[in-house]
Q: 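Handing you a structure now.
Note that the structure is predicted; figures quoted are calculated from it, not measured. Throughout, protein chains are lettered first and strands after them, A, B, ... in sequence-line order, and every chain is numbered starting at 1.
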Amino acid sequence: MVYVKEKVPVKEGLFKWQDEEAKLIVAKCTKCGEMVFPQQSFCPECCLETMEPVTINSIGKLKCFTRITAPPPGYKGSVPYTAGIVEFPEGIRILGITTEKEVVNLEPGMEMEVIVDTAFIEDEKEYVMFKYKPVSQGED
Amino acid sequence: MEEVVIAGVGMHEFGRFDDKDYRDLGFVAAKRALEDANMSLNEVQAAFSANVYEISAAGHNVLEKLGVPGIPIINVENACASGASAVRLAYQAIKNKEYDVALVVGFEKSPRGFLPGAGYDRWQEWTGLGANPLYFASSIHEHMVEYGTTREQLAYIASKSHKNAVHNPYAMFRKELSIDEVLNARMVSDPLTLYMLCAPNDGAAAVVICNKKVAKSFTEKPISIAASVLETRRRGDMFVPAVSAPANPPYPTVAERAAQSAYEMASLGPEDIDVAEIQDVDAGSEIIYSERLGFCPIGEGGARAEAGETSIGGRIPLNVNGGILSRGEPVGASSLGQIAEITWQLRGEAGVNQVEGAKVALSHSEGAGGNSCVTILTR
């Protein structure tokens, strides 16, 4: 049993998760409406400091995905894992890890829900990360 | 504005050379390019080096063994497009009469395995999002979903590449592979198997670039640079290491923009290209870029390849010497290798893989940071 003193996000400002529904935080331009994830203060289109953080819908559509079998440089989790691009109704596509280890559990176009889950445990800290979970799963 | 030509090219073989360091590789390529141009470093007025993984002044260290003439040497790092970006600097300087002769040399000793340092933030690396093949695989998977591109078409591309490389002395992989062998190889990043992805490796390539008027006194076979373009991504290109993109960007992709600029600069169109080396970092990329560079309609790249249109003897032969899939990718040298290969094609010196009567050729390199370079050569 691994002893965990605290839970921390892999990076601050990526998602809401403590005591509330998991949601991704994007930056939205107050001038042109452009959105970017992770959030940043300058708009990629206007090149001005016009962005403010907003949360987006926690459910989006899976556009495409892949399965990685060998650990990439710096990776602290286990293999295999799957990752994919989810398109959210606000009009932004975001790359993320899914909860599934096999591509047979994934279908293009399926609805995916943003959840926050363990990424890895290190130095008695549990690092948490957003993941995409198929919506049909866990409702039975 | 001066007309700019390639007066000489040279390569060191691409592969794994454990007993050589980057200086040895770069030296051989630069020496061969200078010999090809009938020059010594004394005729060169400026040098541009292309490399990604060495630390500092690497170009200076490579050229030292060829002479120390005190010329300006600029080290360029622009990921997979480093070499073509360096060519662009030399091209612009000569076009604007700053110099008459410049040497561009690219060289690399690539780390083994997935390439590190593509610009990922540490949280991306920790969580598994810092993997280049993930981007390549996602892109082609979406293409499969949207246009019906098949795994067999991906395997066809890899098999074509390996068949083409059999006669290329500079390629790392020179053994033919059947479509079944490609499909049944280890799955690295679904749908891409081991043979559908390029291997980062070691190698070097060099190009001597000249004012056309000056080139006459050195070479009888100058090849003109009709266009040399570098563009970087806009938000719509979710390229390494970007995590998000707008769903429906109202502008073209970076490859389309770079190609469009290059075609305009050269007053040519995709239909004028006789042979092209394009960024087949994976089999899916060859399909996607064959469309974005204008060689076939969007969505048809896989089917057109399978019908033989991009094979030698086809309508628009792509990566006829094996491309990056078979040469491997010594990152800093890769696009200079493309330019050397198409220079030989235009001179009619490409041997078994010669595209008969080739007059116009294109090189395309694209990589981390969202760099996209398109170079068009004519004879």
Q: If you round to the nearest 0.5 Å, how far is CG of B:L325 from CG of B:L197?
A: 8.0 Å

Q: Just list the donor-acceptor pairs under 3.5 angstrom between chain A and chain B, please.
A:
residue	atom	partner	partner atom	Å
A:E34	OE2	B:R235	NE	3.1
A:M35	O	B:R235	NH2	2.2
A:F37	N	B:S244	OG	2.9
A:F37	O	B:S244	OG	2.9
A:E45	OE1	B:R234	NH2	2.8
A:F65	N	B:H141	ND1	2.9
A:F65	O	B:H141	ND1	3.3
A:T66	OG1	B:S189	OG	2.9
A:T66	OG1	B:D190	N	3.2
A:T66	OG1	B:D190	O	2.5
A:R67	O	B:D190	N	3.3
A:T69	OG1	B:M187	O	3.2
A:T69	OG1	B:V188	O	3.4
A:Y75	N	B:E125	O	3.4
A:K76	N	B:W126	O	3.0
A:Y81	OH	B:G128	O	2.6
A:G91	O	B:A247	N	2.9
A:R93	N	B:A245	O	2.8
A:R93	O	B:A245	N	3.0
A:R93	NH1	B:E142	OE2	3.1
A:R93	NH2	B:E142	OE1	2.6
A:R93	NH2	B:E142	OE2	3.3
A:L95	N	B:V243	O	2.9

Q: Find out whether A:V26 and A:I94 are in side-chain contact, i.e. whether some heavy atom of one side chain is under 4.5 Å from a heavy atom of the other.
A: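 A side-chain contact under 4.5 Å exists here.
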
Q: If we define contacts as heavy-atom pairs under 4.5 Å, which of B:P246, B:G130, B:A245, B:A137 has the most with chain A?
A: B:A245

Q: Please examine the side chains of A:V10 and A:F120, heavy atoms only from C-beta on, and report whether any two atoms are closer than 4.5 Å.
A: yes

Q: Are B:V254 and B:F239 packed together at the side-chain level, in the sense that at least one heavy-atom pair is separated by less than 4.5 angstrom?
A: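 No - every pair of side-chain heavy atoms lies 4.5 Å or more apart.
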
Q: Could you grab the distance from atom CD of A:E52 to atom SG of A:C29, nearest 0.5 Å is fine?
A: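 With rounding to 0.5 Å, CD (A:E52) is 9.0 Å from SG (A:C29).
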
Q: At what distance, to the nearest 0.5 angstrom, does SG of B:C198 lie from CZ of B:F14?
A: 11.5 Å

Q: Can you give me the closest heavy-atom contact between A:F130 and A:L95, atom names plus distance?
A: CZ-O, 3.7 Å

Q: Would you mind checking which part of A:F65 comes under 4.5 Å of any heavy atom in chain B, side chain (CB onward), backbone (N, CA, C, O), both or neither?
A: both

Q: Taking A:L14, A:V103, A:V79 one by one, which has the highest count of heavy-atom pairs under 4.5 Å against chain B?
A: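 So the answer, after comparing A:L14, A:V103, A:V79, is A:L14.
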
Q: Do you know which two heavy atoms are closest between B:P330 and B:G203, and how far apart they sit?
A: CB-N, 3.5 Å

Q: Between atom CD1 of B:I140 and atom CD1 of B:I288, what is the distance when rounded to the nearest 0.5 Å?
A: 4.0 Å

Q: Check whether B:V243 gets within reach of chain A through its side chain, its backbone, both or neither, counting any heavy atom under 4.5 Å.
A: both

Q: With only heavy atoms counted, which part of A:M35 is less than 4.5 Å from chain B, the side chain, the backbone, both or neither?
A: backbone

Q: Using heavy-atom distances under 4.5 Å, tell me whether B:M238 contacts chain A through its side chain, its backbone, both, or neither.
A: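 For B:M238, the contact with chain A is made by the side chain alone.
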
Q: Between A:V36 and chain B, which part of the residue has a heavy atom less than 4.5 Å away: side chain, backbone, both or neither?
A: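 Both parts, backbone and side chain.
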
